[in-house]
Amino acid sequence: MTKPYKLVGREFQQENTHVKVGDAVFGNGSFPVIAGPCAVESEKQVLSIANSVKNAGAKVFRGGAFKPRTSPYAFQGLGKKGLIFLAKVREETGLPIATEVMDVETFDLVEEYADVIQIGSRNMQNFSLLKRAGNSDRPVILKRGMSATLSELLMSAEYILEQGNTNVILCERGIRTFVRHSRNTLDCSVVPAVKKESHLPVIVDPSHAAGIRDQVISLAYASAALGADGVMIEVHNHPEEARSDGAQSLYPDQFITAMEKMMAIHAIIGKKQ
Ligand code: PEP
Ligand code: MN
(Lines give C-alpha, C1' and ligand atoms only; values in the text may rest on other atoms or scores of the structure.)
(Ligands and ions follow the chains in the order given, each with its own letter.)
Protein backbone atom coordinates (compact mmCIF):
# COMPACT_ATOMS: atom_id res chain seq x y z
CA MET A 1 0.00 0.00 0.00
CA THR A 2 1.50 3.32 -1.07
CA LYS A 3 -1.47 5.55 -0.18
CA PRO A 4 -2.48 6.77 3.31
CA TYR A 5 -5.94 5.26 2.87
CA LYS A 6 -6.21 1.54 2.48
CA LEU A 7 -9.71 0.08 2.34
CA VAL A 8 -11.15 2.88 0.18
CA GLY A 9 -8.32 2.77 -2.34
CA ARG A 10 -8.19 1.21 -5.80
CA GLU A 11 -5.02 -0.58 -4.80
CA PHE A 12 -7.02 -2.53 -2.24
CA GLN A 13 -10.03 -3.15 -4.48
CA GLN A 14 -10.02 -2.71 -8.24
CA GLU A 15 -13.74 -3.23 -8.95
CA ASN A 16 -16.23 -0.46 -8.26
CA THR A 17 -18.26 -0.83 -5.08
CA HIS A 18 -21.99 -0.98 -5.76
CA VAL A 19 -24.14 0.56 -3.05
CA LYS A 20 -27.81 -0.43 -3.09
CA VAL A 21 -30.50 1.86 -1.70
CA GLY A 22 -33.96 0.45 -2.44
CA ASP A 23 -34.07 -0.10 -6.22
CA ALA A 24 -31.19 2.28 -6.83
CA VAL A 25 -27.61 1.13 -7.30
CA PHE A 26 -24.81 3.66 -6.93
CA GLY A 27 -21.55 2.77 -8.64
CA ASN A 28 -22.71 0.38 -11.37
CA GLY A 29 -22.79 2.91 -14.21
CA SER A 30 -26.41 3.92 -13.62
CA PHE A 31 -27.43 7.43 -12.59
CA PRO A 32 -29.85 7.34 -9.65
CA VAL A 33 -31.27 10.66 -8.57
CA ILE A 34 -31.94 11.60 -4.94
CA ALA A 35 -34.41 14.46 -4.62
CA GLY A 36 -36.48 16.25 -2.03
CA PRO A 37 -36.53 19.35 0.13
CA CYS A 38 -33.65 20.60 2.23
CA ALA A 39 -35.74 20.18 5.36
CA VAL A 40 -38.85 18.24 6.30
CA GLU A 41 -41.44 20.92 7.15
CA SER A 42 -44.76 19.07 7.28
CA GLU A 43 -46.33 15.78 6.26
CA LYS A 44 -48.22 17.47 3.47
CA GLN A 45 -45.05 19.13 2.16
CA VAL A 46 -42.97 15.94 1.99
CA LEU A 47 -45.78 13.86 0.48
CA SER A 48 -46.44 16.43 -2.20
CA ILE A 49 -42.75 16.75 -3.15
CA ALA A 50 -42.18 13.00 -2.95
CA ASN A 51 -45.01 12.26 -5.37
CA SER A 52 -43.68 14.86 -7.83
CA VAL A 53 -40.08 13.67 -7.75
CA LYS A 54 -41.09 10.03 -7.93
CA ASN A 55 -43.17 10.68 -11.04
CA ALA A 56 -40.19 12.47 -12.55
CA GLY A 57 -38.01 9.40 -11.97
CA ALA A 58 -36.19 10.07 -8.69
CA LYS A 59 -35.10 6.87 -6.95
CA VAL A 60 -34.47 8.13 -3.39
CA PHE A 61 -36.26 10.82 -1.37
CA ARG A 62 -34.20 13.25 0.71
CA GLY A 63 -35.22 15.55 3.55
CA GLY A 64 -33.49 16.71 6.72
CA ALA A 65 -35.18 16.24 10.09
CA PHE A 66 -32.07 17.35 11.99
CA LYS A 67 -30.62 20.40 10.27
CA PRO A 68 -27.12 21.80 10.78
CA ARG A 69 -27.74 25.56 10.53
CA THR A 70 -25.21 28.36 10.63
CA SER A 71 -27.46 30.37 12.95
CA PRO A 72 -28.82 28.90 16.17
CA TYR A 73 -31.93 31.03 15.55
CA ALA A 74 -32.66 29.42 12.17
CA PHE A 75 -35.06 26.48 11.77
CA GLN A 76 -33.32 23.44 13.23
CA GLY A 77 -35.59 20.77 11.76
CA LEU A 78 -38.56 18.86 13.13
CA GLY A 79 -36.44 16.13 14.72
CA LYS A 80 -38.26 12.85 15.40
CA LYS A 81 -41.54 14.22 14.04
CA GLY A 82 -39.75 14.83 10.74
CA LEU A 83 -38.49 11.25 10.68
CA ILE A 84 -42.04 10.00 11.19
CA PHE A 85 -43.18 12.09 8.19
CA LEU A 86 -40.35 10.57 6.15
CA ALA A 87 -41.49 7.08 7.12
CA LYS A 88 -44.93 8.06 5.81
CA VAL A 89 -43.35 9.06 2.50
CA ARG A 90 -41.68 5.65 2.23
CA GLU A 91 -44.94 3.91 3.06
CA GLU A 92 -46.97 5.88 0.50
CA THR A 93 -44.50 6.14 -2.37
CA GLY A 94 -42.14 3.22 -1.84
CA LEU A 95 -39.17 5.59 -2.14
CA PRO A 96 -36.25 4.91 0.21
CA ILE A 97 -35.29 7.76 2.53
CA ALA A 98 -32.02 9.70 2.80
CA THR A 99 -31.74 11.88 5.88
CA GLU A 100 -28.91 13.52 7.81
CA VAL A 101 -27.57 12.46 11.16
CA MET A 102 -25.90 15.25 13.11
CA ASP A 103 -24.49 13.55 16.17
CA VAL A 104 -23.77 10.26 17.90
CA GLU A 105 -26.58 10.93 20.43
CA THR A 106 -29.32 10.81 17.79
CA PHE A 107 -27.71 8.13 15.61
CA ASP A 108 -29.88 5.23 16.82
CA LEU A 109 -33.02 7.23 16.14
CA VAL A 110 -32.03 8.36 12.64
CA GLU A 111 -30.79 4.86 11.79
CA GLU A 112 -34.20 3.45 12.64
CA TYR A 113 -35.90 5.61 9.99
CA ALA A 114 -33.27 6.15 7.28
CA ASP A 115 -32.57 3.84 4.36
CA VAL A 116 -29.37 5.75 3.73
CA ILE A 117 -27.73 7.98 6.31
CA GLN A 118 -26.28 11.33 5.29
CA ILE A 119 -23.23 12.74 7.04
CA GLY A 120 -23.07 16.43 6.18
CA SER A 121 -20.15 18.61 5.16
CA ARG A 122 -19.86 20.14 8.60
CA ASN A 123 -19.41 16.69 10.10
CA MET A 124 -17.05 15.17 7.54
CA GLN A 125 -14.31 15.03 10.15
CA ASN A 126 -16.47 14.24 13.17
CA PHE A 127 -14.55 11.06 13.83
CA SER A 128 -16.78 9.62 16.53
CA LEU A 129 -19.76 10.07 14.19
CA LEU A 130 -17.84 8.37 11.36
CA LYS A 131 -17.00 5.44 13.61
CA ARG A 132 -20.62 5.08 14.66
CA ALA A 133 -21.65 5.12 10.99
CA GLY A 134 -19.07 2.41 10.40
CA ASN A 135 -20.97 0.22 12.83
CA SER A 136 -24.29 0.78 11.12
CA ASP A 137 -25.94 -1.61 8.69
CA ARG A 138 -27.24 1.36 6.71
CA PRO A 139 -25.43 2.76 3.67
CA VAL A 140 -23.90 6.20 4.20
CA ILE A 141 -23.68 9.31 2.02
CA LEU A 142 -20.53 11.13 3.11
CA LYS A 143 -20.49 14.75 1.99
CA ARG A 144 -17.20 16.47 1.34
CA GLY A 145 -16.27 19.16 3.85
CA MET A 146 -16.39 22.64 2.38
CA SER A 147 -12.62 22.99 2.40
CA ALA A 148 -11.58 19.34 2.47
CA THR A 149 -9.03 17.89 0.09
CA LEU A 150 -9.73 14.66 -1.78
CA SER A 151 -7.32 12.89 0.51
CA GLU A 152 -9.15 14.14 3.62
CA LEU A 153 -12.49 13.03 2.16
CA LEU A 154 -11.11 9.57 1.47
CA MET A 155 -9.56 9.33 4.95
CA SER A 156 -12.97 10.14 6.46
CA ALA A 157 -14.53 7.37 4.38
CA GLU A 158 -11.73 5.11 5.61
CA TYR A 159 -13.01 5.59 9.18
CA ILE A 160 -16.38 4.16 8.13
CA LEU A 161 -14.98 1.23 6.17
CA GLU A 162 -12.47 0.44 8.88
CA GLN A 163 -15.35 -0.21 11.27
CA GLY A 164 -16.90 -2.67 8.82
CA ASN A 165 -19.41 -0.66 6.79
CA THR A 166 -18.35 -0.73 3.14
CA ASN A 167 -21.52 0.89 1.78
CA VAL A 168 -20.29 4.44 1.43
CA ILE A 169 -21.29 6.93 -1.27
CA LEU A 170 -19.06 10.00 -1.51
CA CYS A 171 -20.70 13.32 -2.34
CA GLU A 172 -19.16 16.45 -3.88
CA ARG A 173 -21.26 19.46 -2.81
CA GLY A 174 -19.08 22.41 -3.76
CA ILE A 175 -16.13 23.94 -1.97
CA ARG A 176 -15.53 27.40 -0.54
CA THR A 177 -13.71 29.70 -2.97
CA PHE A 178 -13.34 33.47 -3.47
CA VAL A 179 -16.21 33.73 -5.96
CA ARG A 180 -19.36 35.62 -5.04
CA HIS A 181 -21.61 34.57 -7.91
CA SER A 182 -22.45 31.22 -6.30
CA ARG A 183 -22.73 29.83 -2.78
CA ASN A 184 -19.83 27.44 -3.34
CA THR A 185 -17.84 26.25 -6.35
CA LEU A 186 -18.55 22.83 -7.79
CA ASP A 187 -15.26 20.97 -7.98
CA CYS A 188 -15.95 19.06 -11.19
CA SER A 189 -12.51 17.50 -11.37
CA VAL A 190 -12.93 15.71 -8.06
CA VAL A 191 -15.28 13.22 -9.76
CA PRO A 192 -12.66 11.69 -12.11
CA ALA A 193 -10.07 12.10 -9.34
CA VAL A 194 -12.19 10.04 -6.89
CA LYS A 195 -12.76 7.43 -9.58
CA LYS A 196 -9.05 7.08 -10.11
CA GLU A 197 -8.18 6.81 -6.42
CA SER A 198 -11.16 4.92 -5.03
CA HIS A 199 -13.65 2.18 -5.84
CA LEU A 200 -16.42 3.99 -3.93
CA PRO A 201 -19.29 5.62 -5.84
CA VAL A 202 -19.28 9.41 -6.04
CA ILE A 203 -22.38 11.54 -6.51
CA VAL A 204 -22.77 15.31 -6.93
CA ASP A 205 -25.03 17.72 -5.07
CA PRO A 206 -25.38 20.66 -7.46
CA SER A 207 -27.86 22.41 -5.11
CA HIS A 208 -25.45 23.28 -2.30
CA ALA A 209 -22.66 23.89 -4.82
CA ALA A 210 -24.67 26.54 -6.66
CA GLY A 211 -26.96 27.98 -4.00
CA ILE A 212 -28.99 29.57 -6.80
CA ARG A 213 -31.77 27.71 -8.59
CA ASP A 214 -30.82 28.58 -12.18
CA GLN A 215 -27.23 27.45 -11.71
CA VAL A 216 -28.35 24.18 -10.10
CA ILE A 217 -29.83 23.02 -13.39
CA SER A 218 -26.62 23.67 -15.37
CA LEU A 219 -24.50 21.97 -12.71
CA ALA A 220 -26.84 18.97 -12.68
CA TYR A 221 -26.23 18.53 -16.43
CA ALA A 222 -22.49 18.88 -15.84
CA SER A 223 -22.69 16.18 -13.14
CA ALA A 224 -24.25 13.74 -15.60
CA ALA A 225 -21.55 14.57 -18.15
CA LEU A 226 -18.80 14.03 -15.57
CA GLY A 227 -19.69 10.40 -15.12
CA ALA A 228 -20.85 10.83 -11.52
CA ASP A 229 -22.75 7.91 -9.98
CA GLY A 230 -25.83 10.01 -9.41
CA VAL A 231 -26.95 13.37 -8.07
CA MET A 232 -28.74 14.77 -5.06
CA ILE A 233 -31.01 17.73 -5.81
CA GLU A 234 -33.19 19.90 -3.59
CA VAL A 235 -36.78 20.27 -4.81
CA HIS A 236 -39.58 22.18 -3.06
CA ASN A 237 -43.26 22.58 -3.92
CA HIS A 238 -43.20 26.21 -2.66
CA PRO A 239 -39.53 27.27 -2.64
CA GLU A 240 -40.39 30.87 -1.74
CA GLU A 241 -41.85 29.61 1.55
CA ALA A 242 -39.14 27.03 2.29
CA ARG A 243 -37.72 27.13 5.82
CA SER A 244 -34.24 26.42 4.49
CA ASP A 245 -32.44 26.63 1.13
CA GLY A 246 -35.45 27.93 -0.83
CA ALA A 247 -33.27 29.92 -3.24
CA GLN A 248 -31.55 26.77 -4.47
CA SER A 249 -34.60 24.50 -4.51
CA LEU A 250 -36.03 23.60 -7.90
CA TYR A 251 -39.74 23.87 -8.63
CA PRO A 252 -41.21 20.43 -9.39
CA ASP A 253 -41.67 21.40 -13.06
CA GLN A 254 -38.04 22.41 -13.38
CA PHE A 255 -37.04 19.09 -11.84
CA ILE A 256 -39.01 17.16 -14.47
CA THR A 257 -37.17 18.93 -17.31
CA ALA A 258 -33.83 18.59 -15.54
CA MET A 259 -34.40 14.84 -15.10
CA GLU A 260 -35.11 14.32 -18.79
CA LYS A 261 -31.99 16.17 -19.88
CA MET A 262 -29.72 14.62 -17.22
CA MET A 263 -30.79 11.15 -18.28
CA ALA A 264 -30.21 12.01 -21.94
CA ILE A 265 -26.71 13.28 -21.16
CA HIS A 266 -25.96 10.23 -19.04
CA ALA A 267 -27.11 7.95 -21.85
CA ILE A 268 -24.62 9.56 -24.23
CA ILE A 269 -21.48 9.76 -22.10
CA GLY A 270 -22.07 8.85 -18.49
CA LYS A 271 -21.94 5.08 -18.64
CA LYS A 272 -18.53 4.77 -20.26
CA GLN A 273 -16.66 6.59 -17.48
C1 PEP B 1 -28.05 19.31 3.07
O2 PEP B 1 -27.89 18.34 2.32
O3 PEP B 1 -29.15 19.87 3.26
C4 PEP B 1 -26.85 19.91 3.70
C5 PEP B 1 -26.92 20.57 4.85
O6 PEP B 1 -25.74 19.74 2.96
P7 PEP B 1 -24.19 20.07 3.27
O8 PEP B 1 -23.83 19.24 4.46
O9 PEP B 1 -23.52 19.65 2.01
O10 PEP B 1 -24.10 21.54 3.53
MN1 MN C 1 -29.93 22.19 2.11
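Keep in mind that what you see is a predicted model, and the values were worked out from it rather than measured. Start at 1 and go down the list; that is how both ligands and their atoms are numbered. One is the number of the first residue; the rest follow in order along the sequence.
At a heavy-atom cutoff of 4.0 Å, ligand 1 is contacted by no atom of M146, backbone or side chain. Proximity of K67 to ligand 1, defined as any heavy-atom pair under 4.0 Å, is confined to the side chain (atoms from C-beta onward).
Salt bridge status for K6 with E162: absent, with no side-chain N to carboxylate O gap under 4.0 Å. Checked for salt-bridge contact, D108 and R132 meet the test: a charged N lies under 4.0 Å from a carboxylate O. Ion pairing of K67 with D245 is absent here, as no side-chain N (NZ or NE/NH1/NH2) approaches a carboxylate O to less than 4.0 Å.
For atom 2 (O) of ligand 1, the nearest non-hydrogen atom from the set R69, R62, M232, E172 belongs to R62. Ranked by closest heavy atom to atom 8 (O) of ligand 1, the top entry among S121, C38, G77 is S121.
Scanning all heavy atoms of the two residues, the minimum distance from V194 to L200 falls at CG1-O, 4.2 Å.
Between the side chain of R173 and the backbone N or O of S207, no donor-acceptor pair lies under 3.5 Å.
Among V116, V89, D115, the single residue meeting the side chain to side chain contact (heavy atoms under 4.5 Å, CB included) criterion with P96 is D115.
Within the listing of ligand 1, atoms 8 (O) sit less than 4.0 angstrom from a heavy atom of G120. Residue E234 approaches ligand 1 through these ligand atoms, each under 4.0 Å from one of its heavy atoms: 3 (O).
Within the hydrophobic cluster formed by Ile, Leu, Val, Met, Phe, Trp and Tyr side chains joined at under 4.5 Å, directly or through other members, F178 is accompanied by V179.
An N or O contact shorter than 3.5 Å links R122 to ligand 1 by distance. Where the criterion is an N or O separation shorter than 3.5 Å, residue side chain and backbone included, K143 meets it with respect to ligand 1.
Distance from atom 5 (C) of ligand 1 to its nearest protein heavy atom, with residue and atom name: E100 OE1, 3.8 Å. The shortest contact between atom 4 (C) of ligand 1 and any protein heavy atom is with H208 NE2, 3.5 Å. Of the protein's non-hydrogen atoms, R173 NE, 2.7 Å is the one closest to atom 9 (O) of ligand 1.
Every residue meeting the side-chain contact (heavy atoms from CB on, under 4.5 Å) condition with A74, not counting sequence neighbours, appears here in chain and number order: R69, S71.
Here the Mn ion (ligand 2) is the vertex; the OE2 atom in E234 and the OD2 atom in D245 give an angle of 120° (to 10°).
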